[in-house]
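Down below is the structure, laid out as structure tokens.
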Amino acid sequence: MQINKTKNDSNLTLALSGRLDTNTAPLLEAELGGNLDGVTDLVLDFANLEYISSAGLRVILSAQKEMNARGKMVIKNVCADIIDVFDITGFSDILTIE
């Protein structure tokens with residue numbers, strides 16, 4: 001998985017590509033852990049994300065909980081397969097997906 005980061009003032013966008021799974025979830029977790037200070041708007045761009053596992057879902061849920069206290073988080077450009085995962089797991093009800 002690759003993570004492309006764009007930060008403007010209190011806005012942070014992370015564009016993910018590849019697979020968010022057991023092997024790569026720690027990379028996203030580390031990226032989020034070190035970059036959320038002062039962030040009020042977090043965008044996760046999934047345009048090039050092909051797959052998400054339960055480990056990836058855990059990191060996304062953790063980020064959502066953190067951003068609930070700081071501002072807002074939006075997930076954009078989600079493919080149909082990942083939308084299905086969000087629907088099945090109930091994540092569609094707790095995440096803002098555009």
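Small disclaimer: the values here were computed from a predicted structure and weren't measured.
Two residues are said to be in side-chain contact when any heavy atoms from C-beta on lie closer than 4.5 Å; I97 and I83 meet this criterion.
Rounding to the nearest 0.5 angstrom, the gap separating the CG atom in N11 from the CG atom in L42 is 9.5 Å. In this structure, OG1 on T96 lies 11.0 Å from CG on L44, to the nearest 0.5 angstrom. Between the CG atom in N77 and the CG atom in N48 there is a gap of 8.5 Å [rounded to 0.5 Å].
Put simply, V74 and V85 are part of two different groups of oily side chains (I, L, V, M, F, W, Y) that touch within less than 4.5 Å, one to the next. By the rule that hydrophobic residues join a cluster once side-chain heavy atoms approach within less than 4.5 Å of another member, L57 and V78 end up as members of one cluster. The same ILVMFWY cluster, assembled from side-chain heavy atoms under 4.5 Å apart, contains both L12 and L95. No single ILVMFWY cluster, assembled from side-chain heavy atoms under 4.5 Å apart, contains both V43 and I94.
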Pair L32, V59 - check side-chain contact (heavy atoms from CB on, under 4.5 Å), show working. CA-CA 9 Å; L32 289 167; V59 175; 3.9 Å; yes
Under the criterion side-chain contact (heavy atoms from CB on, under 4.5 Å), I'd like the reasoning laid out for L28 against L16: C-alpha separation, chi angles, the key distance, then a yes or no. CA-CA 9 Å; L28 179 58; L16 309 180; 4.0 Å; yes
Are M73 and N68 close enough, and set up right, to give a side-chain contact (heavy atoms from CB on, under 4.5 Å), and what steps lead you there? CA-CA 8 Å; M73 181 176 96; N68 284 343; over 6 Å; no
Where do I75 and I60 land on the side-chain contact (heavy atoms from CB on, under 4.5 Å) test, with the steps shown first? CA-CA 10 Å; I75 301 176; I60 299 300; 3.9 Å; yes
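Taking the salt bridge (charged side-chain N to carboxylate O under 4.0 Å, His left out) definition, one finds that K76 meets it with E98, sequence neighbours left out. Applying the side chain to side chain contact (heavy atoms under 4.5 Å, CB included) criterion to R70, with sequence neighbours excluded, gives L36, D37, E66, M67. Residues passing the side chain to side chain contact (heavy atoms under 4.5 Å, CB included) test with E31, sequence neighbours excluded: I3, K5, L14, N35. For S62, the side chain to side chain contact (heavy atoms under 4.5 Å, CB included) criterion is met by no residue, not counting sequence neighbours. For S53, the side chain to side chain contact (heavy atoms under 4.5 Å, CB included) partners at least two apart in sequence or on another chain are D21, T22, Y51, A55.
The salt bridge (charged side-chain N to carboxylate O under 4.0 Å, His left out) contacts involving residues 45-65 comprise E29-R58, where partners must be two or more places apart or lie in separate chains.
A donor-acceptor pair is defined here as one N or O able to donate and one able to accept, closer than 3.5 Å; such a pair exists between the side chain of S92 and the backbone of D87.
A donor-acceptor contact closer than 3.5 angstrom links the side chains of S10 and T40.
Using cut-offs of 30° and 60° for the angle between ring planes, the F86 and F46 rings count as tilted.
Closest heavy-atom contact between M1 and R19: CB-O, 3.3 Å.
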